[in-house]
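Here is the structure we will look at.
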2 protein chains.
Amino acid sequence: MKFDPVLFAKAIADDTRQRIMSECCCCWLSVNEIVEKVGFTQPTISHHLAILRDAGLVNIREEGKQTFYSLNQDHLAVCCGQVMFKFAPESETTINLKQIIQG
Amino acid sequence: MKFDPVLFAKAIADDTRQRIMSECCCCWLSVNEIVEKVGFTQPTISHHLAILRDAGLVNIREEGKQTFYSLNQDHLAVCCGQVMFKFAPESETTINLKQIIQG
DNA sequence: ACATTATATAGATAAACGTCTATTTGTCAA
DNA sequence: TTGACAAATAGACGTTTATCTATATAATGT
């Protein structure tokens with residue numbers, strides 16, 4: 001369950017995946033709905049969703065034939081925070097963020 | 001000067017670059033010092049430093065023959081914040097961060 | 001001027017990645 | 001049980017990327 005900053009960064013380091021993230025940032029979408037919105041083939045979208053899933057960045061809900069995805073905003077925010085703690089420990093923003101989170 | 005979340009994510013999405021970032025996170029190092037610490041050839045390190053430079057993630061100081069690099073912690077923190085604002089706008093952490101920065 | 005040292009750039013190569021088509025798996029309705 | 005639909009998986013292919021060796025550029029010391 002340990003945080004892997006390379007896995008996280010690789011997961012978000014692609015234009016198509018960022019478009020998927022934008023589309024299902026704040027709502028649940030089926031794979032087909034994402035396909036229609038993003039404009040690649042269904043296998044390509046499934047491939048990207050698997051990468052986001054492996055990084056823990058999406059919530060998944062199966063419902064009959066369909067599978068719905070939504071972005072896991074909280075985990076994404078945590079990952080960004082971890083990157084800040086690791087690589088920008090002296091930045092004011094990071095120090096303030098740490099105080100918020102820890103109490 | 002606009003923020004490009006794909007460029008940023010790609011820049012940090014590599015193990016070697018993250019090792020470089022760790023090494024010169026909080027100090028200035030010459031290219032040769034980074035080469036010794038990270039353990040790849042000098043051209044490989046220069047290649048990665050160029051990618052970090054293009055993403056605005058390093059400060060550069062030329063001094064005679066040598067070039068010193070240090071991680072731009074503030075810009076890194078800003079980029080992480082931008083990713084949070086864009087993809088996790090509803091997360092508590094993001095909302096709190098926004099308040100810190102704006103007020 | 002020349003040799004030396006530090007860094008950047010060019011070019012080659014192998015591995016990783018993104019996309020596609022084809023197929024498989026699983027669910028539902030008739 | 002069959003047919004239709006949704007999603008995942010397999011495999012192929014072209015592009016990008018990370019690394020290396022070789023070379024160029026630039027600064028310093030003799």
Side-chain angles (χ1 to χ4, degrees), chain A residues 4-24 27-72 79 83 87, chain B residues 4-24 27-72 79 83 87:
Chain A
D4 180 342
V6 175
L7 181 71
F8 164 65
K10 279 184 187 291
I12 68 169
D14 178 78
D15 183 56
T16 303
R17 283 195 290 281
Q18 288 198 4
R19 282 169 65 192
I20 293 172
M21 290 163 66
S22 292
E23 291 296 345
C24 65
C27 62
W28 290 90
L29 292 177
S30 69
V31 175
N32 263 330
E33 287 171 324
I34 298 171
V35 167
E36 285 164 19
K37 285 176 184 290
V38 175
F40 284 107
T41 64
Q42 175 267 313
T44 294
I45 298 299
S46 280
H47 165 73
H48 288 301
L49 287 170
I51 291 170
L52 293 172
R53 166 174 37 80
D54 293 346
L57 289 172
V58 285
N59 305 118
I60 303 177
R61 200 185 74 221
E62 309 212 355
E63 207 164 292
K65 294 189 273 195
Q66 304 189 79
T67 307
F68 291 87
Y69 288 82
S70 75
L71 191 64
N72 187 339
C79 289
V83 170
F87 298 111
Chain B
D4 180 342
V6 175
L7 180 71
F8 165 66
K10 279 184 187 291
I12 68 169
D14 179 78
D15 183 56
T16 303
R17 283 195 290 279
Q18 288 198 5
R19 283 169 65 193
I20 293 172
M21 289 163 67
S22 291
E23 291 296 345
C24 65
C27 62
W28 289 90
L29 292 177
S30 70
V31 175
N32 262 330
E33 287 170 326
I34 298 171
V35 167
E36 284 164 19
K37 284 174 185 290
V38 174
F40 284 106
T41 64
Q42 175 268 313
T44 295
I45 298 299
S46 279
H47 164 73
H48 288 301
L49 287 170
I51 290 169
L52 293 172
R53 168 174 35 80
D54 292 347
L57 289 171
V58 284
N59 305 118
I60 304 177
R61 199 184 75 220
E62 310 211 355
E63 206 164 291
K65 292 190 274 196
Q66 305 189 78
T67 307
F68 291 88
Y69 288 81
S70 76
L71 191 64
N72 187 339
C79 287
V83 170
F87 297 111

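So that the names make sense, note that chain A is the first sequence line, chain B the second, and so on, each numbered from 1.
Rounded to whole Å, atom P of dA8(C) lies 12 Å from atom CG of Leu52(B). Rounding to whole angstrom units, CZ of residue Arg53(A) and C1' of dA7(D) are separated by 11 Å. If you take CD1 of Ile45(A) and P of dT21(C), they are 13 Å apart, rounded to a whole angstrom. We find that CZ of Arg19(A) is positioned 13 Å from C1' of dG18(C), with the value rounded to whole Å.
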Please tabulate, for the side chains in residues 48-59 of chain B, all donor-acceptor contacts under 3.5 angstrom to protein atoms that are two or more places apart in sequence or on a different chain.
residue	atom	partner	partner atom	Å
His48(B)	ND1	Arg17(B)	NH1	3.0
Asn59(B)	OD1	Ser70(B)	OG	3.3

Quick one: which protein N/O atoms are closer than 3.5 Å to N/O atoms of nucleotides 4-7 of chain C? Pair and distance per line, please.
residue	atom	partner	partner atom	Å
dT7(C)	OP1	Val31(B)	N	3.3
dT7(C)	OP1	Thr67(B)	N	3.2
dT7(C)	OP1	Thr67(B)	O	3.4
dT7(C)	OP2	Asn32(B)	N	2.9
dT7(C)	OP2	Asn32(B)	ND2	3.1

Table of protein N/O atoms under 3.5 Å from nucleotides 17-19 of chain D N/O atoms:
residue	atom	partner	partner atom	Å
dA18(D)	OP1	Arg17(B)	NH2	3.2
dA18(D)	OP2	Arg17(B)	NH1	3.4
dT19(D)	OP1	Thr16(B)	OG1	2.9
dT19(D)	OP2	His48(B)	NE2	2.1

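Smallest separation of non-hydrogen atoms from Leu71(A) and Phe87(B): CD2-O, 3.1 Å. Between Phe40(A) and Val35(A), the shortest heavy-atom distance links the atoms O-CG1, 3.2 Å. Across every non-hydrogen atom of Tyr69(B) and Ile34(B), the tightest pair is CB-CD1, 4.3 Å. Shortest non-hydrogen contact noted between Gln18(B) and Val6(A) is OE1-CG2, 3.3 Å.
For the side chain to side chain donor-acceptor pair (under 3.5 Å) test, no residue two or more places apart in sequence or in another chain qualifies with Thr16(A). Not counting sequence neighbours, Lys65(B) has no partner by the side chain to side chain contact (heavy atoms under 4.5 Å, CB included) test. Residues passing the side chain to side chain contact (heavy atoms under 4.5 Å, CB included) test with Ser30(A), sequence neighbours excluded: Asn32(A), Glu33(A), Gln66(A), Phe68(A).
Comparing Gly64(A) and Gly39(A) against DNA chain C, the residue whose closest nucleotide sits nearer the 5' end is Gly39(A).
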